[in-house]
There are 2 protein chains.
Amino acid sequence: MPALLLIMDGVGDRGKETPLSSAKTPYMDELAATGIGGFVRTVAGGFVPGSDTAHLSLFGYDPHKFYRGRGPFEALGAGMEMGEGDVAFRTNLCTVDESGIIVDRRAGRKDVGFEELYRAIGEMEIEDVKVKVQHTVEHRGALVMSGKGLLEKVGNTDPHETGKPIMESVPLAEGAEKTARVLNEFTKRACEILASHEVNKQRESQGLKPANAILCRGAGIYQGIIPIRERFGIRAVCIAGGALYKGAARYVGMDVLDVPGATGTAETDLTAKARAAVDAAPDYDFVFLHVKATDAFGHDGDFDGKRRMIEKVDAEIIPRVHGLFDVIVVTGDHTTAVTARRHTADPVPFLFWHRDVRRDEVTKLSEQECARGILGHIAGLDVMPMILDYLDKSTMFGE
Amino acid sequence: MPALLLIMDGVGDRGKETPLSSAKTPYMDELAATGIGGFVRTVAGGFVPGSDTAHLSLFGYDPHKFYRGRGPFEALGAGMEMGEGDVAFRTNLCTVDESGIIVDRRAGRKDVGFEELYRAIGEMEIEDVKVKVQHTVEHRGALVMSGKGLLEKVGNTDPHETGKPIMESVPLAEGAEKTARVLNEFTKRACEILASHEVNKQRESQGLKPANAILCRGAGIYQGIIPIRERFGIRAVCIAGGALYKGAARYVGMDVLDVPGATGTAETDLTAKARAAVDAAPDYDFVFLHVKATDAFGHDGDFDGKRRMIEKVDAEIIPRVHGLFDVIVVTGDHTTAVTARRHTADPVPFLFWHRDVRRDEVTKLSEQECARGILGHIAGLDVMPMILDYLDKSTMFGE
């Protein structure tokens, strides 16, 4: 039977009482009582992890080595294909005035025809580089450049504020000139396509701002990734609602399941996700199941919302998976403290279950209880080797 | 008074009850009550340690840097001499048929004349390289190449299965061509010596398979080791039965005592080893005492055998050394779980005694108790500096 890595995004918290410590979680408590606990520092002591870097770590890929910018996670999460050396960006449709000044970085957010506009830009050749965009949600999208001699070390075209023109992308390192040049040419051509597009005439007739320009940011290169199947000898699959998590999973070569109802919001269908995990179990060694809303409640400062989401995960997921996986790990990718309303560096409560683990005094996945855990503090990069060891898929160093 | 590092090989285990937790160990319990506990990850989190890499770590030598293959441990353990840049292999006498196909990788294991055959091969010059073999146990031996321009990055000649011919060694990295060439020429000459040797006529007349060929594997280079005396300023000595452990100790420059009755098996004379440690104490700063059988019982899945071996160590060694060493460390090199019957990555219970340590709640060297230890999880490489500190032999980093 495979391993299940269940990530409640941003589940750790600060304070005397926390969403985890105050949540009623009878099913996780049972796992904790027969499993072992501790904390995970997903990136490194004191580092505030991003969701992308934290997940790379948990998948066994050192983000200090393999994290080369956010773009590829967005593009892969949107289902785009990327190959070795391709560079990707996050994109926004925006509104510029007649003198080219940005008046709205999100083109009013009102999604009328956004997908059609992304399709109109579609794909183009610039020099010997293929440039392709794809719509994701609202005004957002992703851009992939495929070709030789690309480098992610280029500036954004997005100035991140209104009242300014679209920026020229500049090379930030030697060898990045071509990428900056292609991005600038793309921006010019895409803005021409957008400005004259029928959709924008309709938008203006409806009193909406035209989505007449495109902003790019978050350059990242897809490079040097040995797929998880080769690297660790496992077949791995991702069940997630949020595109970033699907993207992170694809980044390391996992399969990604499409689960209807998995939305990455508080209304996500946890039962459907649990069932998908159980259904996938026979075909995989490793199932990654991601729940996003705990993090969103943390960012909103909503203690009770976060607590209730944890209770929902407990009730809807754990009883469906317990007994059907050889290893069950329940943890988060980072702490998103409801008081701080942001990711913090506090290590994340960590629960590891296998029928043959040692025992400790931890009877609940919580900040207080895990302090008594036998695992102490482990690194994010330790998680995958530990899972492999309990799946009998580890290799020995030395003889 | 010196420090004692007592290693029970593979002593850690998995499960609710373990050999350590169920063993009656009154003498260790006394040490634990006045000492401090925790866990040691001898190699690194999640890594499954080999015995060789784990011991290097415990001796203060980072195996990621200093481990360059198994061969030298075998050769040094067999008492052979090695110098900087020498390359060593493990060897098997084997049986090949008239067309050169291996029919038995161990020449029937029946040791009639094996030592004489190794002596017959003895030593030869190939190009400007001196090649020397030595018998160890049964069909096994070690080979050392001494000369310039050698590299351990060469393939085995041992195909690790019967029904195949002896393999040509191939260079696996630039600069390894000479080593491969010498190994192939050695193999040819050694097989000629073996095939025509009188011992094999005797073996065949007794109905035994001839030991008419030799297989080499596990190339390793002896390189870059600063002896422990220079590196840490201590005189160190090893008391062990198993050749690998003597080899690991010599690898870092320890003296190795020959203790009659120390066999590396469950029948080893623990009393003799304890006495040897006590006798050596006045002449050394650091005594490494190794007990092998706990690991062997783990590999056999023999919970009770492992538990009894721990009890024997407790009764026969601890009372003899307590009070005669300034520092006593009792731990293992890795976990060899009786359920998994192999080395696992689980950290190893660790006990540190000195008259002036802090106190914790640990009253027994066991997986459960050590979870409450003040030391938490330490790295294998932390052990030697910690011992040096309590011996007042540490150096300060900074001022």
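The chains referred to below are lettered A, B, ... by the order of the sequence lines, with proteins before strands, and numbering in each begins at 1.
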A.B. asks: How close do B/Val48 and A/Ser394 get, heavy atom to heavy atom, and via which atoms?
C.D. replies: CG2-OG, 3.4 Å
A.B. asks: Can you tell me if CZ on A/Arg229 sees more than 12 non-hydrogen neighbours from other groups inside 6.0 Å?
C.D. replies: no
A.B. asks: Identify which part of A/Thr34 has an atom lying under 4.5 Å from any heavy atom of chain B, answering side chain, backbone, both or neither.
C.D. replies: neither
A.B. asks: Who wins among A/Gly398, A/Gly373, A/Gly38 for the most heavy-atom pairs under 4.5 Å with chain B?
C.D. replies: A/Gly398
A.B. asks: Quick check for you: to the nearest 0.5 Å, what is the distance between A/Arg358 atom CZ and B/Asp346 atom CG?
C.D. replies: 4.5 Å
A.B. asks: Does the side chain of B/Phe47 come within less than 4.5 Å of A/Met396's, by heavy atoms?
C.D. replies: no
A.B. asks: Once rounded to the nearest 0.5 Å, what's the spacing between atom CZ of B/Arg70 and atom CD of A/Glu399?
C.D. replies: 4.5 Å
A.B. asks: Looking at A/Asp360, A/Asp392, A/Ile387, which has the largest count of heavy-atom pairs under 4.5 Å with chain B?
C.D. replies: A/Asp392
A.B. asks: Heavy atoms under 4.5 Å from chain A: which residues of residues 216-223 of chain B carry them?
C.D. replies: none
A.B. asks: Using non-hydrogen atoms and a 4.5 Å limit, figure out which bit of B/Arg90 sits close to chain A: side chain, backbone, both or neither.
C.D. replies: side chain
A.B. asks: Quick check on B/Ser366 against chain A: is it the side chain, the backbone, both or neither that has a heavy atom closer than 4.5 Å?
C.D. replies: neither
A.B. asks: Within a strict 4.5 Å, meaning less than it, do heavy atoms of the B/Glu367 and A/Arg359 side chains meet?
C.D. replies: no
A.B. asks: Please classify the contact of B/Asp13 with chain A as side chain, backbone, both or neither, using a heavy-atom distance under 4.5 Å.
C.D. replies: backbone
A.B. asks: Are the side chain of A/Asp389 and the backbone N or O of B/Thr344 linked by a donor-acceptor pair below 3.5 Å?
C.D. replies: no
A.B. asks: Near A/Glu17 CD, under 6.0 Å, is it more than 12 heavy atoms from other residues, nucleotides or ligands?
C.D. replies: no
A.B. asks: Checking heavy atoms, do the side chain of B/Ser51, its backbone, both or neither come under 4.5 Å from chain A?
C.D. replies: both
A.B. asks: Most heavy-atom pairs under 4.5 angstrom with chain B, which of A/Ile36, A/Leu381, A/Val357?
C.D. replies: A/Val357
A.B. asks: Can you confirm whether B/Phe66 is buried at CZ, in the sense that more than 12 heavy atoms of other residues, nucleotides or ligands lie under 6.0 Å from that atom?
C.D. replies: yes
A.B. asks: For A/Leu375, is it the side chain, the backbone, both, or neither that has a heavy atom closer than 4.5 Å to a heavy atom of chain B?
C.D. replies: backbone
A.B. asks: Non-hydrogen atoms of chain A under 4.5 Å away: do they reach the side chain of B/His334, the backbone, both or neither?
C.D. replies: neither
A.B. asks: Does any N or O in the side chain of B/His377 come within less than 3.5 Å of the main-chain N or O of A/Ile374, such that one atom is a donor and the other an acceptor?
C.D. replies: yes
A.B. asks: Using a 4.5 Å cut-off on heavy atoms from C-beta on, say whether the side chain of B/Pro63 contacts that of A/Phe397.
C.D. replies: yes
A.B. asks: Do A/Ile378 and B/Arg41 come close enough that some side-chain heavy atom pair is under 4.5 Å?
C.D. replies: yes
A.B. asks: Can you tell me which portion of B/Phe73 sits under 4.5 Å from chain A's heavy atoms? Options are side chain, backbone, both or neither.
C.D. replies: neither
